[in-house]
Participant: 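Submitted below is the structure of interest, expressed as structure tokens.
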Amino acid sequence: MAMMLRWPAWSVAVCCCAPLACYAGIDEDSYADGGDETQSEAGEGEDGSSDGGGEGGPAEEAPAPAPRTYRLTHAQWDNTAQDLLGLPGPTGLTGLLRDDPKIAGYVFDNDATSLEVDEALWTGYRIAAGELAQTVTEDPDLLAPFVDVPGDTEAERIDSFVRSFGTRAYRRPLSEAEVAALADLFNAGSGLYSGVQDPFVAGVRHVIEAVLQSPYFLYRVETSEAVVDGVIPLSDYELASRLSYFLWNTMPDAELFDAAEAGELETAADIAAQAERMLADPRAAEMVVRFHHQLLEVEKMETISPSELVFDVPDNLPELAIEEHEHFIRDVVFGNGGGLIELLTSSQTMVESELAAIYGVAGVTGSDFVEVDLDPTQRRGVFTQLGFLAANASSFDPDPIHRGVFLAKRMACHTIAAPPDGVPPLPPLGEDQTNRERVEAHTSGNPCASCHGPLINPFGFPYESYDALGAWRTVDNGQPVDTATMVLLDGQQSVSGAVELAEVMAASEQVHECYARHWLEYATGRNYVFGDAPTVSRLGGDSLAEEQSMRELLVALTTSVAFSTRAAEELQ
């Protein structure tokens with residue numbers, strides 16, 4: 001029996017037209033995102049580490065049950081409207097769309113289960129559709145591709161327009177019933193718009209306005225249901241959309257549509273060829289930056305505010321830190337063909353004069369960003385850069401708790417529960433007391449010690465060599481800085497400081513699997529589940545063993561069973 005899609009009521013009209021932890025003194029919601037807590041429900045070891053696909057886990061790679069409809073994120077909606085209509089730039093209309101809520105338990109902005117359409121958002125879609133249809137039909141250059149269509153008669157031209165536009169808008173061929181419905185809408189457009197004298201232009205405007213409100217435009221819809229070898233292979237068009245919205249955050253281009261039409265997305269080799277082509281496009285770089293913005297919480301850099309009473313702070317430090325971060329991601333991944341290892345260990349970065357001064361790099365003048373080599377004994381990778389360090393600090397002191405929680409959760413996929421209520425803030429520094437000593441004293445009692453002792457503090461203390469501005473230091477409150485600790489990565493490992501921790505992380509199978517897990521979540525628009533363990537184990541293991549580039553990791557992900565098929569359980 002054919003699968004029936006249950007749309008929101010509005011679509012009918014449209015189609016026709018753990019243990020308690022203690023993050024002492026920090027915002028208790030900051031890291032209680034729950035997304036990493038899924039690991040504990042998905043087979044985490046008693047020491048808090050990921051068990052991958054180990055004993056007791058699923059033996060083979062398989063897709064996890066997932067939604068069959070994916071509402072476009074606002075960025076995807078904007079990109080898709082721009083590409084579909086041939087606009088020269090962004091629509092400028094995303095302000096009409098109410099913000100999507102940040103969902104606890106998911107790192108990224110594309111959680112399929114939470115992207116809903118309520119009355120407020122529907123109103124925004126409706127207004128935007130009308131404005132975009134008007135914009136296109138009032139601009140001769142934008143209008144030309146929609147009216148210069150083949151056909152000897154008016155009916156043939158209408159049919160050509162409806163089929164070509166509808167196929168691109170819905171990202172699949174139209175059924176004959178859909179063609180007829182859109183043709184009826186086209187014919188009903190005449191006389192609806194004051195000032196539009198040409199009936200064909202009026203029909204184009206009416207169809208564009210209606211299609212932009214259709215659930216088949218606003219959602220990615222996957223209807224395949226034939227089971228082959230225990231899974232549901234996606235159709236070529238469904239795979240084309242998965243690829244394009246993952247790698248480009250927008251609709252398929254003409255070449256991807258052509259490949260889908262020709263049945264050239266049937267094999268892993270077919271998919272890999274398209275993924276490699278797409279990763280060479282500038283839109284892929286934008287996607288990789290966007291992924292890391294969300295994974296690494298780059299928005300926190302916007303609120304960097306070291307005390308100007310203590311530090312010489314550039315007026316635009318947040319903007320400079322974010323720009324350095326973006327340059328670094330692009331340069332490592334697309335400039336030098338690097339991957340996770342390089343993101344964690346590269347001593348190269350991009351700075352202008354004010355960032356160079358904080359890093360202690362001589363010879364950089366002016367506001368242009370230039371590539372420099374930082375001291376490799378002090379700086380290795382993204383977590384020793386100013387953005388991460390200053391965003392995870394107070395106005396006066398480093399914050400090993402925030403730094404440690406972030407790394408333990410996001411990079412090692414450890415489970416850390418939210419702190420209990422009523423945790424007092426850190427006390428003032430005692431005489432001759434270091435920041436580390438203060439944190440240790442404050443977090444040593446129950447229930448704080450259960451998470452701070454083995455998980456949080458050890459990931460934060462290696463970064464005590466960097467002050468609240470992110471500058472290097474060897475002395476804290478008159479005492480030598482102590483950065484030695486034992487971190488829980490692939491078992492207990494001793495590290496002497498942040499540089500050695502970066503090297504340990506880069507060589508950690510647990511970190512590579514955790515990173516692959518986040519990519520799988522981002523690519524599929526859902527949280528990690530236990531059944532993903534074999535896929536994550538393979539992707540992470542290969543990333544480490546083969547020292548893969550980011551491109552190699554992403555191609556491997558797109559050709560995985562988890563990406564290219566659906567779970568047969570969905571049909572039950």
Side-chain angles (χ1 to χ4, degrees), residues 23 31 36 47-50 292 295-297 325 328-329 332 338-349 359 374-393 397-414 416 434-437 439-440 443 451-468 470-474 476 480-516 518 540 543-544 547:
Y23 312 168
Y31 289 100
D36 300 301
D47 62 357
S49 62
S50 168
H292 288 95
L295 177 66
L296 304 181
E297 294 185 345
H325 170 83
F328 179 74
I329 298 294
V332 166
L340 177 59
I341 292 174
E342 290 75 18
L343 288 175
L344 293 172
T345 62
S346 174
S347 292
Q348 291 184 328
T349 190
Y359 280 126
L374 303 179
D375 184 343
T377 67
Q378 298 180 3
R379 309 279 178 175
R380 297 291 297 273
V382 67
F383 296 118
T384 61
Q385 293 177 351
L386 300 185
F388 171 75
L389 297 167
N392 291 282
D397 297 297
D399 188 344
I401 295 173
H402 267 94
R403 292 172 179 176
V405 169
F406 182 87
L407 290 170
K409 288 172 69 79
R410 288 290 169 87
M411 300 308 298
C413 288
H414 285 305
I416 301 177
T434 66
N435 186 56
R436 172 174 179 158
E437 291 169 340
V439 171
E440 285 180 320
T443 60
C451 281
H452 279 270
L455 290 177
I456 298 174
N457 295 355
F459 278 95
F461 288 151
Y463 297 91
E464 285 296 282
S465 289
Y466 311 96
D467 63 22
W472 178 258
R473 68 176 189 171
T474 58
D476 177 21
V481 169
D482 179 9
T483 59
T485 189
M486 296 286 292
V487 294
L488 193 58
L489 281 176
D490 306 319
Q492 291 279 357
Q493 297 199 55
S494 173
V495 297
S496 60
V499 166
E500 188 171 355
L501 177 57
E503 295 169 343
V504 167
M505 291 172 64
S508 166
E509 186 173 351
Q510 183 176 338
V511 169
H512 281 261
E513 288 189 11
C514 184
Y515 187 66
H518 291 311
S543 171
L544 175 59
E547 299 184 358

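Residues: numbered from 1 along the sequence shown.
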Participant: Do you know which two heavy atoms are closest between Ser543 and His512, and how far apart they sit?
Facilitator: OG-ND1, 2.8 Å
Participant: Report the C-alpha separation of Val382 and Val332 in whole Å, then their side-chain angles, then the decisive distance to 0.1 Å, and conclude whether the side-chain contact (heavy atoms from CB on, under 4.5 Å) test is met.
Facilitator: CA-CA 10 Å; Val382 67; Val332 166; over 6 Å; no
Participant: Is the shortest side-chain heavy-atom distance between Val499 and Thr377 below 4.5 Å?
Facilitator: no
Participant: Taking all non-hydrogen atoms of both residues, which atom of Ser347 and which atom of Arg380 are closest, and how far apart?
Facilitator: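 That closest heavy-atom pairing would be OG-CD, 3.0 Å.
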Participant: Please give me the minimum heavy-atom distance between Pro400 and Val439, naming the atom from each residue.
Facilitator: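 Pro400 and Val439 have their closest heavy atoms at CG-CG2, 3.8 Å.
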Participant: On a heavy-atom basis, which atom in Arg473 and which in Asp476 lie closest, and how many Å separate them?
Facilitator: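 Of all heavy-atom pairs spanning Arg473 and Asp476, the closest is NH1-OD1, 3.3 Å.
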Participant: Kindly compute the distance separating CG (Leu344) from OH (Tyr515), expressed to the nearest 0.5 Å.
Facilitator: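 It is 8.5 Å, given to the nearest 0.5 Å.
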Participant: Rounded to the nearest 0.5 Å, how far does CD of Glu464 lie from CD of Glu437?
Facilitator: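 Those atoms lie 10.0 Å apart.
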Participant: Quick one: does any side-chain atom of Asp490 pair with a main-chain N or O of Glu509 as donor and acceptor, under 3.5 Å?
Facilitator: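 Side chain of Asp490 to backbone of Glu509, a donor-acceptor pair under 3.5 Å: yes, one is there.
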Participant: Just by modelled atom types, is the Gln385 backbone N or O under 3.5 Å from a matching donor or acceptor in the Tyr466 side chain?
Facilitator: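 Checking the backbone N and O of Gln385 against the side chain of Tyr466, no donor-acceptor pair under 3.5 Å is found.
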Participant: If every non-hydrogen atom of Thr345 is compared with every non-hydrogen atom of Ile341, which pair is closest and at what distance?
Facilitator: OG1-O, 2.7 Å
Participant: Side-chain contact, heavy-atom cut-off 4.5 Å: Gln510 with Met505?
Facilitator: no
Participant: Decide yes or no on side chain to side chain donor-acceptor pair (under 3.5 Å) for Thr434 and Asp482, but give the supporting numbers first.
Facilitator: CA-CA 9 Å; Thr434 66; Asp482 179 9; over 6 Å; no
Participant: Drop me the distance from Leu389's CG to Arg379's CZ, to the nearest 0.5 angstrom.
Facilitator: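 The CG atom of Leu389 sits 6.5 Å away from the CZ atom of Arg379.
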Participant: Has Asn435 got a side-chain atom pairing as donor or acceptor with Pro398's backbone, closer than 3.5 angstrom?
Facilitator: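 Checked: pair present.
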Participant: Taking it one step at a time, do Phe383 and Leu501 satisfy side-chain contact (heavy atoms from CB on, under 4.5 Å)?
Facilitator: CA-CA 10 Å; Phe383 296 118; Leu501 177 57; over 6 Å; no
Participant: Roughly how far, to the nearest 0.5 Å, is the CG atom of Leu488 from the CG atom of Leu455?
Facilitator: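 Here the interatomic distance stands at 6.0 Å.
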Participant: Side chains of Glu440 and Asn457: donor-acceptor distance under 3.5 Å anywhere?
Facilitator: no
Participant: Check whether any side-chain heavy atom of Tyr463 lies under 4.5 Å from a side-chain heavy atom of Leu407, and answer yes or no.
Facilitator: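 Tyr463 vs Leu407: side chains touch.
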Participant: For the pair Phe388 and Phe406, name the ring-plane relationship: parallel under 30°, tilted 30 to 60°, perpendicular over 60°.
Facilitator: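 Aromatic pair Phe388/Phe406 classed tilted.
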Participant: Applying side-chain contact (heavy atoms from CB on, under 4.5 Å), run through Leu340 and Val511 and close with a yes or a no.
Facilitator: CA-CA 9 Å; Leu340 177 59; Val511 169; 4.2 Å; yes
Participant: Are more than 12 heavy atoms from other residues, nucleotides or ligands located less than 6.0 Å from atom CD of Gln492?
Facilitator: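 Yes.
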Participant: Just by modelled atom types, is the Leu386 backbone N or O under 3.5 Å from a matching donor or acceptor in the Tyr359 side chain?
Facilitator: yes
Participant: Could you walk me through whether Leu296 and His325 satisfy the side-chain contact (heavy atoms from CB on, under 4.5 Å) test, starting with their C-alpha distance in whole Å, then the side-chain angles of each, then the deciding distance to 0.1 Å, before giving a yes or no?
Facilitator: CA-CA 10 Å; Leu296 304 181; His325 170 83; 3.6 Å; yes
Participant: What pair of heavy atoms forms the shortest contact from Pro462 to Gly497, and how long is it?
Facilitator: CB-C, 3.6 Å
Participant: Using modelled atom types and a 3.5 Å cut-off, is there a donor and acceptor pairing between side-chain atoms of Arg410 and backbone atoms of Val405?
Facilitator: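 It does not hold such a pair.
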Participant: Report the distance from atom CD1 of Ile456 to atom NE2 of His414, rounding to the nearest 0.5 Å.
Facilitator: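 Ile456 CD1 to His414 NE2: 11.0 Å, rounded to 0.5 Å.
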Participant: Would you mind reporting whether Cys413 and His518 have side-chain heavy atoms less than 4.5 Å apart?
Facilitator: yes
